[in-house]
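Just follow the structure's listing: the first ligand is 1, and inside any ligand the first atom is 1.
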Amino acid sequence: MSKERVKNFFNIVRVLAIFVLLITCKQVRKATDLITKPSARELYARNYENDSVRFPLWKKSFESSLKDSLSIDLPYSETGTYFDELYRTYSYNIELHKGRTFFVEIQTDTVGKKVFIDLYKISKDSLGTIELIESNNENAKSIEYQIEDSGMYKLTIQPEIEKTSSFSMRLYTRPVFGFPVAGKDNQAIQSFWGAARDGGQRTHEGLDIFADRGTPIIAATDGRVSSTGNRGLGGNQVWQRTGIFGYSLYYAHLDSILVNSGEKIETGDTLGLVGNTGNARTTKPHLHFGIYQGYRGAIDPLPFVWISEVPQFESYKDRIETPVISISGSRANLRNRPGLGGAKIGKAITNDTLALLGLTDKWAHVQNQEGMKAFVHLSLVDFTNAKIK
Ligand SMILES: [Zn+2]
């Protein structure tokens with residue numbers, strides 16, 4: 001074969017290979033997918049669009065879950081079972097803060113079980129409209145999202161139509177930055193944002209983190225030293241610019257400065273040593289740590305550095321075999337949060353049956369026959385029908 005013919009031959013093979021790949025691919029792909037990047041939910045829905053029985057029920061469950069108003073605090077974990085063709089959607093309202101990264105992680109015991117995770121921002125006005133801001137990738141049962149706007153968010157989790165599977169889920173946040181004093185943690189923060197200063201004439205625009213003189217002060221994130229010097233209230237100070245979202249980080253009262261202006265620094269690099277220079281002369285050595293953002297000026301650094309617990313995945317040992325529980329007490333309050341502080345949004349009486357969505361600590365996550373979701377305390381629940389293995 002001539003060179004030209006060999007080239008043509010390989011071109012034909014390539015086209016055929018792509019064609020075979022396309023038709024053997026289980027998911028329905030569209031030429032526009034590369035541009036519009038459909039979510040995992042949209043890709044999945046294409047397989048069922050012609051299923052006039054199951055698909056509308058699945059879709060309706062999701063749409064009505066957007067109107068649910070159960071609230072949870074983080075960290076949160078829940079275990080339960082996603083039942084085949086029961087069309088349940090889990091929905092939670094969660095308050096999230098700028099300076100945190102939000103994590104949703106789900107494990108399932110059935111291989112290939114698909115789960116769709118969507119995060120919405122709830123508007124601050126009285127309308128409470130929602131806007132989709134993040135969805136999971138097709139093969140991931142997790143999302144990770146850095147919060148830029150403090151407020152209320154809605155999380156929905158919907159399993160695929162088929163395949164019963166146990167699940168274990170954990171939701172938590174982590175600080176966007178590292179802790180700025182070596183070997184220290186939350187305990188060392190002894191003065192917070194907003195505390196009165198100069199007899200109430202001004203408020204504290206940062207955090208005071210106490211440590212022995214000479215303890216290393218470390219970069220809370222990657223960036224560049226924008227200035228250093230000894231001036232004003234802060235005494236020996238280091239200013240750092242970050243690439244992301246343009247924060248300025250302020251480290252003050254240093255005993256000594258160990259970096260130079262213009263230097264590139266990475267998280268954990270030593271910037272200087274804890275001291276009490278500037279207006280901290282009369283107090284014990286500590287780092288004053290501040291964060292400034294453009295026109296907003298100083299913002300509360302606490303969410304950016306506060307270390308919080310990452311919950312364990314609960315095991316599947318209490319696998320729930322059937323999807324229904326009943327009420328054992330004469331009356332049980334249905335609450336909008338898993339805690340006695342949760343608002344009472346309904347009640348159930350002896351022998352009422354409730355669909356069981358999952359278990360979280362001392363509470364069952366349930367749905368009543370009118371479709372309302374709620375939490376009910378485990379002491380009021382009869383699991384005889386639930387056949388927990
Ligand atoms: Zn301070």
Given the rule in the salt bridge (charged side-chain N to carboxylate O under 4.0 Å, His left out) test, do Arg54 and Glu162 qualify, once you have shown the distances and angles that lead to the verdict?
CA-CA 10 Å; Arg54 296 183 296 174; Glu162 295 171 86; 3.6 Å; yes

Among the N/O/S atoms of Asp208, the Zn ion (ligand 1) lies closest to OD1

Checking distances from the Zn ion (ligand 1), one finds that the N, O or S atom of His288 closest to it is ND1

request  = Indicate the ring-plane relationship of His286 and His253, choosing parallel, tilted or perpendicular according to the 30° and 60° boundaries.
outcome  = perpendicular

Check your understanding: Of all the atoms in His204, is at least one N, O or S atom closer to the Zn ion (ligand 1) than 2.8 Å?
Key -> yes

*Donor + acceptor pair across side chains of Gln237, Thr277 (<3.5 Å)*: no

Note to self: Centroid separation under 6.0 Å, is that true for the rings of Phe167 and Tyr90?
What the structure shows: yes

